[in-house]
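Before any comments, here is the structure.
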Amino acid sequence: VKGTKTLVYISLGTIIKGAASFFQNCVEAFRNEDVDLIISVGQQFNIRKLKNGVCAMKKIIKRLVAAMLAFALSVPAFAASGVNKTTVSIGGATANVVYVDMSAKNRVILPAVANGSISTDTAAGNIISGVKRGSVVAAVNGGFFNSYYNASAALGVASGNYPRVFNTVISEGRVVANGGTVPAIGMDYDGNILIDIVKLTPTVTLRGNTEVAAWGVNTVYNDATAVYVLTPEFDYPVNISSTSKIVTIKNKTVASITNGINGYKTPDGAIAVIYGATAYSNAAKWDSQPVVGESAVFHYKAEPNDSSKKAQWNNMRTVMGAGGILVKNGVSAVDNAINPTAADQKPDVSGQRTFVAILNDGRLMLGTVKSSFRAIANALISFGARDAVFMDGGASSAMYVNGGFVTPAGRKLATMLAVVDETTAAVKPDTSVPAEANGPSSWAKASVDSARNLKILPEHIDSNYKRNITRKEFCDL
């Protein structure tokens, strides 16, 4: 504002609340200076405690209002350390990009889910503000979802009319959406960020040795041979056939097994494994069905294309499924799509795109641009990209940096990939198999105890009850 004095702003009032002597010293320090002074003193502080403070404030109130306006207009947006926004040229188009130094303390990538509920949507700004683990310093839209559902009609799983998430999502070590073979970006519990095509199989281990591979998580199947998982993150009521079985798992233990019902929702603190009628019958036939009271551990198994990174992919804290791989090991991968793509997803077709790259120096590069996948991949390689993926595009394309959207989304979103300066420490889920899981099943325990008491149970087979017995052990018994 023209003619405004130098403005001094002292902003310790929220920390040194009620310290009249401190604020008085501030007033005295600047009393004879030709400046306008703003002191943040907190809502409860009585400025009459300041000697001559009220009079001094009255004298400068007019200038102060103008100065405050100038201050508000001139303060730059919050900029996190190591987060640099710029533009670059890709295929002749201007791309909005942000480079993020991931070596900063407590900086992580997290999947941000609309409303905290899988397969719902909301404005992108609401997704950002919904991240509670720290400050979002940068973000882009997530993977594909059903953005063309009819929002004015009744939403429901049975009709398929809901913003179903199609990409796989792992949050805090747990699969919360889908599974299968997917291009993905993820961060493990050691802070390593990886990109690859990975087979991610949601798995429930029963009794310590019986592994049940689920078809998917929070995706409903009507096939009688299906086994799938529902978690509390899926907030839609599901109609489950009465011939199916709902296996509820709490605290790594099978809590109940019931017939399917209409309008089912998974209780908080639990997961539900849904067995189709045929799937449950087959499990019972081979004595591999779940049993109430026995152990059940929900986890996942990962098989990346790069087998040298298998251990890391099986230690992922977060994973966001992508649309496809752009760059792998510094080489363009746009001709190696693992899934059939629509016409606008062909490598040389230009469209609005979102991409995420891991650079050779360890930084992340996030960006949006209207270009082709081939042009983006070639440009990223020239910028030093080691690996890169593309996310959903078109009206979903969005990028947020340091408090504002550089590329605003053209519609509501279901997920975003957020870079967060975390203030809440991560807690890795316990997926270890309980020690007692290798003991006898509940239905056999009394007989085993009796055999021990009668001294007719060979010592060398009195362990590891969950594996199949050998012919020799059977003869010994």
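Nothing fancy with the numbering, it's 1 onward along the sequence.
The heavy-atom pair separating A93 from K370 by the smallest distance is CB-O, 3.4 Å. Listed here is the closest heavy atom pair of S171 and P111: CB-CG, 4.0 Å. Heavy atoms only, all atoms of each residue included: L413 and A124 are closest at CD1-CB, 3.9 Å. Taking all atoms of both residues into account, the shortest heavy-atom contact from L366 to M399 is O-SD, 3.5 Å. Here the closest heavy-atom approach between residue A112 and residue A418 is recorded as CB-CB, 4.5 Å. The shortest heavy-atom contact between V137 and A80 is CG1-CB, 3.4 Å.
Side-chain contact between F298 and T203: absent, with no pair of heavy atoms (C-beta onward) separated by less than 4.5 Å. At least one side-chain heavy atom of I376 sits less than 4.5 Å from a side-chain heavy atom of R353. Under the 4.5 Å side-chain criterion, counting only non-hydrogen atoms from C-beta, M320 is in contact with M391. Looking at heavy atoms from C-beta onward, V327 lies out of side-chain contact with R386 at the 4.5 angstrom threshold. Taking the side chain as every heavy atom from C-beta outward, Y400 and V406 never approach each other to under 4.5 Å. Looking at heavy atoms from C-beta onward, K428 lies in side-chain contact with N315 at the 4.5 angstrom threshold. Contact check for V136 versus V419: no side-chain heavy atoms found under the 4.5 Å cut-off. Between L326 and V334 there is a side-chain heavy-atom pair separated by less than 4.5 Å.
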Start with the C-alpha distance between N84 and V98, add both sets of side-chain angles, then the distance that settles side-chain contact (heavy atoms from CB on, under 4.5 Å), and finish with yes or no. CA-CA 5 Å; N84 301 307; V98 57; 5.8 Å; no

Are N141 and S396 close enough, and set up right, to give a side chain to side chain donor-acceptor pair (under 3.5 Å), and what steps lead you there? CA-CA 7 Å; N141 59 285; S396 293; 5.3 Å; no

Evaluate side-chain contact (heavy atoms from CB on, under 4.5 Å) for I38 paired with L7, printing each intermediate quantity in order. CA-CA 8 Å; I38 298 176; L7 175 67; 3.6 Å; yes

side-chain contact (heavy atoms from CB on, under 4.5 Å) evaluation trace for I197 with T181: CA-CA 7 Å; I197 294 173; T181 301; 3.8 Å; yes

Mind running salt bridge (charged side-chain N to carboxylate O under 4.0 Å, His left out) on E211 and K301 for me, showing each step along the way? CA-CA 10 Å; E211 290 192 343; K301 297 182 71 175; 3.2 Å; yes

As a quick check of understanding, evaluate side-chain contact (heavy atoms from CB on, under 4.5 Å) for V165 and T415, giving each step before the final call. CA-CA 8 Å; V165 169; T415 62; 4.2 Å; yes

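Taken from OG in S295 to CD1 in I249, the straight-line distance is 9.5 Å, to the nearest 0.5 Å. The CE atom of M316 sits 9.0 Å away from atom CG of N314, with the distance rounded to the nearest 0.5 Å. The distance from the NZ atom of K412 to the OG1 atom of T120 is 10.0 Å, given to the nearest 0.5 Å. Remark: Y264 OH to N262 CG distance equals 13.5 Å, nearest 0.5 Å. In this structure, L359 CG and M102 CE are separated by 12.0 Å, a value rounded to the nearest 0.5 Å. Rounding to the nearest 0.5 Å gives a distance of 5.5 Å between CZ of F383 and OH of Y99.
For N106, the CG atom sits in a packed shell: over 12 heavy atoms of surrounding residues, nucleotides or ligands are nearer than 6.0 Å. Other residues, nucleotides and ligands contribute only 12 or fewer heavy atoms inside 6.0 Å of the NZ atom of K250. Heavy atoms of other residues, nucleotides or ligands lying less than 6.0 angstrom from NZ of K85 number 12 at most.
No side-chain donor-acceptor contact under 3.5 Å links N259 and S242. Inspection of the K328 and N305 side chains reveals no N or O donor paired with an N or O acceptor under 3.5 Å. Between the side chains of N251 and T253, not a single donor N or O lies within less than 3.5 Å of an accepting N or O. Residues D421 and S135 have side chains that never bring a donor and an acceptor to within less than 3.5 angstrom of each other. A donor-acceptor pair shorter than 3.5 Å cannot be found between the side chains of D348 and S372. There is a side-chain donor-acceptor pair under 3.5 Å between T243 and S241. In this model, a donor atom of one side chain and an acceptor atom of the other lie less than 3.5 Å apart for D121 and Y149. In summary, the side chains of S432 and D430 do present a donor paired with an acceptor at a separation below 3.5 Å, with no hydrogens or angles considered. For the residue pair S397/T354, the side-chain donor-acceptor check at 3.5 Å is satisfied.
Remark: side-chain polar atoms of Y236 are not paired, donor with acceptor, to backbone N or O of I118 under 3.5 angstrom. The main-chain N or O of A357 is never found under 3.5 Å from a side-chain atom of R363 such that the two would form a donor-acceptor pair. Using modelled atom types, one side-chain atom of N178 and one backbone atom of N167 make a donor-acceptor pair closer than 3.5 Å. Looking only at distances, a side-chain donor or acceptor of N161 sits under 3.5 Å from a matching main-chain atom of A154. With N239 contributing its side chain and G263 its backbone, the two residues share a donor-acceptor pair below 3.5 Å. For D196 (side chain) and D306 (main-chain N/O), a donor-acceptor pair under 3.5 Å exists by modelled atom type. Judged purely by atom type and a 3.5 angstrom limit, R107 has no side-chain atom pairing as donor or acceptor with the backbone of V420. Between the side chain of N218 and the main chain of T231, a donor-acceptor pair closer than 3.5 Å is present. Of the possible polar contacts, one joining the S129 side chain to the N126 backbone as a donor-acceptor pair under 3.5 Å is found. No side-chain donor-acceptor contact under 3.5 Å links D190 to the backbone of N192.
Taking the ring centroids of Y228 and W215, they lie at or beyond the 6.0 Å cut-off. Between Y280 and Y275, the distance separating the two ring centers is shorter than 6.0 angstrom.
Using a 4.0 Å cut-off between charged nitrogen and carboxylate oxygen, R317 and E422 count as a salt-bridge pair.
With F355 as the fixed residue, the side chain to side chain contact (heavy atoms under 4.5 Å, CB included) test singles out one of V140, V389, V369: V369.
Ring geometry for F373 against F390 counts as parallel: the plane angle stays under 30°, on a 0 to 90° scale with 60° as the upper cut.
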